Each structure stands twice: as C-alpha cells, then as structure tokens.
Novice: 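Below is a structure I'd like to ask you about.
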There are 2 protein chains.
Amino acid sequence: MAHTLEDNSLHAFSALVNHARPVKRKQALFRAGDRFDRLYFVRAGLFKSYRLHEDGALHVTGFHLPGEMMGLDNMNNGVHSEYLEALDTGSVCELPLAAIEKLARVDGALVMQLMRTVSAEVSREKDMMYLLGKMGAKQKLANFLIDLSDRSYTSGLHRNKIHFGMTRADIANHLGMAVETISRILQGLRDQGILTINHRDIELTHRDLLESIAKHGSIMPIPHRDRASA
Amino acid sequence: MAHTLEDNSLHAFSALVNHARPVKRKQALFRAGDRFDRLYFVRAGLFKSYRLHEDGALHVTGFHLPGEMMGLDNMNNGVHSEYLEALDTGSVCELPLAAIEKLARVDGALVMQLMRTVSAEVSREKDMMYLLGKMGAKQKLANFLIDLSDRSYTSGLHRNKIHFGMTRADIANHLGMAVETISRILQGLRDQGILTINHRDIELTHRDLLESIAKHGSIMPIPHRDRASA
DNA sequence: CGGGCATTTGAATAGACTCAAATCCGGTGG
DNA sequence: CCACCGGATTTGAGTCTATTCAAATGCCCG
C-alpha cells in the first residue's frame with residue numbers, strides 16, 4: 001500500500017531535487033489556491049493534507065510519512081486544491097515541475113518512474129474508496145492501523161510500534177467516522193489484547209488477529225495456511 | 001469533475017495513438033493480473049472498472065464515458081489490479097507505454113499534459129473519498145447523478161438526460177450502498193418532482209434542487225444569488 | 001409465453017452517530 | 001513546584017439512517 005520512490009530512482013531524483021527544507025510543527029507547505037509548481041517528498045516528520053469543501057466541511061485526505069510523495073492533488077489547473085501541513089517538525093525535498101519537464105528529454109525512464117509513483121497513489125486511493133464505502137467501523141480502523149504500521153516500517157521505523165502525531169479527531173475525519181467510535185473500537189481492541197495503547201503510541205501485539213479483522217471485519221476461526229477456496 | 005484530455009493535446013495524442021478498436025458489450029479490455037503496457041481512452045460507449053478483493057468482494061471503481069482515460073490503476077508493478085469491461089458496445093484508443101517514453105524525449109510538454117490528466121484523476125478520487133466517507137445516501141446519489149450528467153455533457157450528450165447502461169446494483173456498489181436504498185431514493189426524488197425515471201433513462205428537471213441536495217444533503221431554503229458568507 | 005434478472009416495496013434490525021458529561025493530559029503562570 | 005486551563009480522549013444513553021431479509025412486480029430475451 002505504500003507509495004514511496006524505489007531505490008535507484010530515488011538516487012536519480014535526489015540529484016535534481018532541492019536540498020532538504022525544514023518545516024516546523026503546524027506550518028503549512030502550501031494552501032488550497034497556491035500555485036502548483038513542484039512536488040514534495042517527505043524527508044522527515046509527519047504531514048497531513050486536507051481539503052475545505054464548499055459547505056465548509058474539512059476533510060483530512062491523507063497522512064504522509066518519510067519517503068512518500070506529497071502534493072499531487074491538482075496539477076490539473078496549476079493550483080492546489082489541498083492544504084498540506086506538518087503535524088511534527090520535519091523536513092521535505094522539493095521537485096520543481098520545470099525540472100521534470102527538462103528531465104523528460106534526457107531520461108524517459110525517469111519520467112516513467114514518476115508515473116509509476118503517481119499510479120501507485122491512484123491505486124492506494126482506490127483501496128481507500130473501498131475502505132470508506134464498504135467496510136464497517138472496526139474494519140476501517142484495523143486497516144488504517146495496519147497500513148500505518150506497514151508504512152512506518154517502510155520508513156525505517158519499528159513495525160509494530162506506531163507513534164502518531166495526529167489526533168483521534170484527525171483519524172476519525174480521515175476514515176469517515178466519529179471520534180467516539182474510534183475511541184470505543186480502540187478500547188475494544190485493547191480489551192481483546194490485540195494491542196496496547198499509551199496516549200498516541202500503539203503497539204500491535206497479535207498483528208495476525210488485527211489483520212484478520214482488517215480483512216474480514218471480525219476475527220476469523222483458525223486461519224489455514226492457504227488463502228484459497230471461496 | 002471530468003478528467004478528459006484537453007483540446008490541443010488530444011490532437012497531439014491522436015497522432016501516436018492506435019486507431020480505434022471496437023469493443024463488444026460485456027467484453028473485457030483487460031483483467032486483474034494482465035500486463036500493464038498501455039493506457040486506454042474511451043472513444044465511444046460506456047465502460048466500468050472493478051476490483052476483486054481478497055475476501056471475494058467485488059467493488060465497482062468507476063464508470064467511463066467517451067473522451068476519458070482508463071486503465072491507470074496500477075502501472076506501479078506492471079500488472080493491472082482492476083478489471084475493465086464494456087457495458088455497451090463501443091470503441092477505445094490505445095496508448096502504449098513505450099510510446100509515452102519515446103515521446104517524452106521529443107516533447108516534454110506532452111508528458112506534462114499526461115501528468116495533468118493523471119493528477120485530475122487523483123483529484124477526482126479525493127472527491128470520491130469525501131463522498132463515500134462523509135455523505136449520507138441521498139447526497140451520495142445526488143452527486144453521482146450530477147457528475148454523470150456533467151460528464152455526459154462533456155462527452156457531447158444532452159446535459160439533463162442521462163442514459164445509463166449500468167444496473168442499479170452497479171451504482172449501489174460503486175457508491176457503497178444497498179440497491180434498495182438507491183431505488184428508494186430515486187423514487188423519492190421522482191415524487192418530489194426533481195427528476196423523471198424511465199427504466200435506465202433519467203431526466204433532470206430541477207437541476208438546481210438536485211444540486212442543493214448534492215451540496216447540503218437536503219434542499220436548502222431560498223438560495224441567494226451569492227454563495228458567500230458562512 | 002416462460003425464465004431469470006432487475007427493480008421496487010415493506011418491515012424489522014443494527015451499527016454508528018449525536019448529545020452530554022466525566023476524565024485525562026500537557027502546558028502555563030504564579 | 002503546584003494549581004489551573006483548554007484541548008483531547010473516554011464513557012454512557014438514546015436515536016436514526018441505511019441495511020438486511022423477504023417478497024412482489026416488471027421487463028428483456030430467447
């Protein structure tokens with residue numbers, strides 16, 4: 001589910017990417033309406049992106065971990081449609097659009113790599129659509145935790161220890177549910193011994209059970225060593 | 001909300017795009033697992049894309065009208081993650097990935113145009129995430145109808161007359177709701193005189209009211225000629 | 001004309017939400 | 001160092017929307 005840049009290409013990019021820029025907590029990288037003239041990659045920290053809708057509602061569209069791309073919200077008309085801000089102090093790299101265009105002429109493969117990254121983003125969002133549309137509250141949250149855990153791991157952190165800088169309200173908003181529901185389900189999972197909670201640190205004991213919930217909405221019987229047969 | 005290719009670029013593309021290929025009703029353009037080696041553009045007809053999830057559930061990820069791009073589901077690992085099939089007899093154009101790469105060296109701007117198209121897709125999906133996560137059933141359906149209507153119009157059809165080749169089950173699935181709910185809401189809108197229903201043809205009388213529902217979840221009082229003031 | 005899918009309608013259920021309030025926490029100023 | 005404040009989180013109770021289950025009706029196609 002991750003959407004990071006791969007190994008070799010990362011190197012290639014770093015050549016033409018601006019050196020890291022530090023970003024303070026709560027600071028905005030850009031706002032809706034700002035000119036869209038570069039892409040961002042998280043170097044360190046945690047970011048969140050959100051939209052403001054016509055009716056005034058705020059929607060948290062995503063969280064971004066180190067290594068991930070950000071800001072591809074609306075290159076379409078040259079103006080951002082999202083807000084992007086740091087939840088923790090961190091730093092980002094910037095890739096000017098102009099550089100991409102220039103680059104395209106030199107190295108077509110690199111452009112393809114960028115396309116792949118973008119495509120992965122699309123794929124990720126389709127997963128999210130399924131989650132939002134079809135899953136119950138428990139399943140949504142289980143998937144969210146596992147996704148976050150996997151991405152933390154990809155970003156070089158411990159796999160089963162998640163630290164989040166976002167509030168439960170942020171999570172609830174992102175997953176399309178009420179804060180109270182998040183809280184209740186989290187307590188429920190704790191009571192089942194599936195995870196431990198300490199403020200904004202969660203440790204996944206029994207990842208297998210959580211994965212079962214993520215997949216089926218509840219804990220399934222003895223999972224055979226075979227995923228076949230419907 | 002549309003994600004079509006714009007004017008001039010469309011021309012540029014058509015040069016290197018294969019001539020139209022006809023597709024019969026129910027025929028699949030590709031299946032999950034197929035090699036990802038080209039992009040598709042609808043020339044005529046109506047298409048739907050869907051995914052099969054681990055748990056066996058089918059999720060309709062989108063419908064595609066003439067002029068729109070399809071098949072950008074997972075360039076990531078070179079293999080499709082979606083199924084794409086025709087709901088009506090129609091035809092498509094194909095754009096081989098190899099051509100893109102070749103092209104990139106000649107005309108960087110064209111690649112940017114492609115990026116923009118993709119970005120628009122991402123933007124569209126964020127809208128969809130909001131819809132799926134935050135809206136009630138009536139609001140979801142209202143937005144779906146308006147989106148379909150707008151896109152039909154962009155595709156050259158009549159703006160307020162929607163003809164769909166998809167079943168209500170397809171729509172329900174796509175919007176994350178039950179078929180019965182679709183039916184009930186549709187009847188409700190008909191009873192309010194907002195639209196007329198004839199099998200799979202819907203005509204939007206009172207687009208304004210439908211837009212109000214799409215925006216606020218219900219019909220709002222007298223809409224002033226000013227959208228300001230929160 | 002019949003069969004099977006698509007759609008509509010009805011009734012009961014359930015899951016998640018809203019409202020309300022208590023508790024916990026980190027940070028602040030005295 | 002400690003009391004206090006405001007935001008964040010948890011907990012409880014009642015409500016409501018959309019679902020599920022069941023069944024009737026309609027319609028296309030052979």
Side-chain angles (χ1 to χ4, degrees), chain A residues 24-26 46 48 57-60 87-89 131-145 162-192 195-202 213 216-218, chain B residues 24-26 46 48 57-60 87-89 131-145 162-192 195-202 213 216-218:
Chain A
K24 280 170 296 185
R25 188 163 181 276
K26 296 223 170 194
L46 174 64
K48 87 168 170 187
L58 185 157
H59 181 217
V60 176
L87 287 173
D88 267 336
T89 299
L131 180 146
L132 288 168
K134 290 288 177 32
M135 294 182 185
K138 201 181 299 186
Q139 204 177 355
K140 283 185 185 177
L141 189 51
N143 274 287
F144 176 76
L145 290 175
I162 310 176
H163 169 78
F164 27 103
M166 71 284 265
T167 68
R168 264 141 242 237
D170 278 338
I171 299 175
N173 182 297
H174 181 53
L175 298 182
M177 42 200 275
V179 198
E180 294 94 323
T181 307
I182 297 277
S183 189
R184 271 185 262 269
I185 291 176
L186 235 28
Q187 301 311 317
L189 293 174
R190 178 176 55 70
D191 294 345
Q192 289 179 85
L195 45 74
T196 59
I197 308 175
N198 200 295
H199 305 293
R200 288 186 187 170
D201 289 294
I202 282 184
I213 294 175
H216 310 103
S218 62
Chain B
K24 280 171 294 185
R25 188 162 182 276
K26 297 224 171 190
L46 174 63
K48 87 169 170 187
L58 184 157
H59 180 217
V60 176
L87 287 173
D88 267 336
T89 299
L131 179 145
L132 289 168
K134 290 288 176 31
M135 294 182 186
K138 202 181 301 188
Q139 204 177 355
K140 283 185 186 178
L141 189 50
N143 273 287
F144 176 76
L145 291 175
I162 310 175
H163 168 78
F164 27 103
M166 70 284 264
T167 68
R168 266 143 241 238
D170 278 339
I171 299 174
N173 182 297
H174 182 54
L175 298 181
M177 43 200 273
V179 198
E180 295 93 322
T181 308
I182 297 277
S183 188
R184 271 186 262 271
I185 291 176
L186 235 29
Q187 301 311 319
L189 291 174
R190 178 176 54 72
D191 294 346
Q192 289 177 85
L195 45 74
T196 59
I197 307 175
N198 201 296
H199 305 293
R200 290 186 184 170
D201 290 294
I202 282 185
I213 293 175
H216 309 102
S218 62

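What you see is a predicted model, and the numbers here were worked out from it, not measured in a lab. Here is how names work: the chains are called A, B, and so on, in the same order as the sequence lines, proteins then strands, and each is numbered from 1.
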Novice: In whole Å, what is the span from the CG atom of A:N198 to the P atom of C:dC24?
Specialist: 14 Å
Novice: In this structure, how many angstroms lie between the C1' atom of D:dA8 and the CD atom of A:Q187, rounded?
Specialist: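 Taking CD of A:Q187 and C1' of D:dA8, I get 13 Å after rounding.
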Novice: Please determine if a side-chain N or O atom of A:R168 lies less than 4.0 Å away from the OP1 or OP2 oxygen of D:dT10.
Specialist: yes
Novice: What is the distance, to the nearest angstrom, from the CD1 atom on B:I197 to the P atom on C:dA6?
Specialist: 18 Å
Novice: Starting at CG of A:D201 and ending at C1' of C:dC25, how long is that distance when rounded to a whole Å?
Specialist: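 Whole-Å distance recorded here is 14 Å.
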Novice: Any side-chain heavy atom of B:M177 within less than 4.5 Å of one from B:K140?
Specialist: yes
Novice: For nucleotides 16-19 of chain C, print each protein N/O atom paired with a nucleotide N/O atom at under 3.5 Å, atom names and distance only.
Specialist:
{"residue": "C:dA16", "atom": "OP1", "partner": "A:A137", "partner atom": "N", "Å": "2.5"}
{"residue": "C:dC17", "atom": "OP1", "partner": "A:A178", "partner atom": "N", "Å": "3.2"}
{"residue": "C:dC17", "atom": "OP2", "partner": "A:A178", "partner atom": "N", "Å": "3.2"}
{"residue": "C:dC17", "atom": "OP2", "partner": "A:T181", "partner atom": "OG1", "Å": "2.3"}
{"residue": "C:dT18", "atom": "O4", "partner": "A:R184", "partner atom": "NH2", "Å": "3.3"}
{"residue": "C:dC19", "atom": "N4", "partner": "A:E180", "partner atom": "OE2", "Å": "2.9"}

Novice: In the structure I gave you, are the side-chain heavy atoms of B:L186 and B:I202 within less than 4.5 Å of one another anywhere?
Specialist: yes
Novice: Whole Å only: how far is the CG atom of B:D191 from the C1' atom of C:dT8?
Specialist: 12 Å
Novice: Side chains of A:R184 and A:Q187 only: does a donor on one sit below 3.5 Å from an acceptor on the other?
Specialist: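 Note: A:R184 and A:Q187 side chains miss the donor-acceptor criterion.
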Novice: In whole Å, what is the span from the CG atom of B:L186 to the P atom of D:dG26?
Specialist: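 That distance rounds to 18 Å.
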Novice: For A:T167, report the nucleic acid contact type (base, sugar-phosphate, nothing); a contact means any heavy atom under 4.0 Å.
Specialist: sugar-phosphate
Novice: Look only at the side chain of A:N173 and the backbone of A:A169, and say whether a donor-acceptor pair between them is shorter than 3.5 Å.
Specialist: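 Here the side-chain-to-backbone pair does not exist.
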Novice: For A:R190, look at atom CZ and say whether over 12 heavy atoms of other residues, nucleotides or ligands are found less than 6.0 Å away.
Specialist: yes
Novice: For residues A:L195 and A:I162, determine if any side-chain heavy atom of one lies less than 4.5 Å from a side-chain heavy atom of the other.
Specialist: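 No. Closest side-chain heavy atoms not under 4.5 Å.
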Novice: So with a 6.0 Å cut-off around NZ of A:K134, is the heavy-atom count from everything else above 12?
Specialist: yes
Novice: Taking atom P of C:dT23 as reference, at what distance in whole Å does atom NE2 of A:H199 sit?
Specialist: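 Spelled out: NE2 on A:H199 to P on C:dT23 is 18 Å.
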Novice: Once you round it to whole Å, what is the distance between C1' of D:dA8 and CE of A:M166?
Specialist: 15 Å
Novice: Under 4.0 angstrom, heavy atoms only, what part of the nucleic acid is A:R190 near: base, sugar-phosphate, or nothing?
Specialist: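 No contact.
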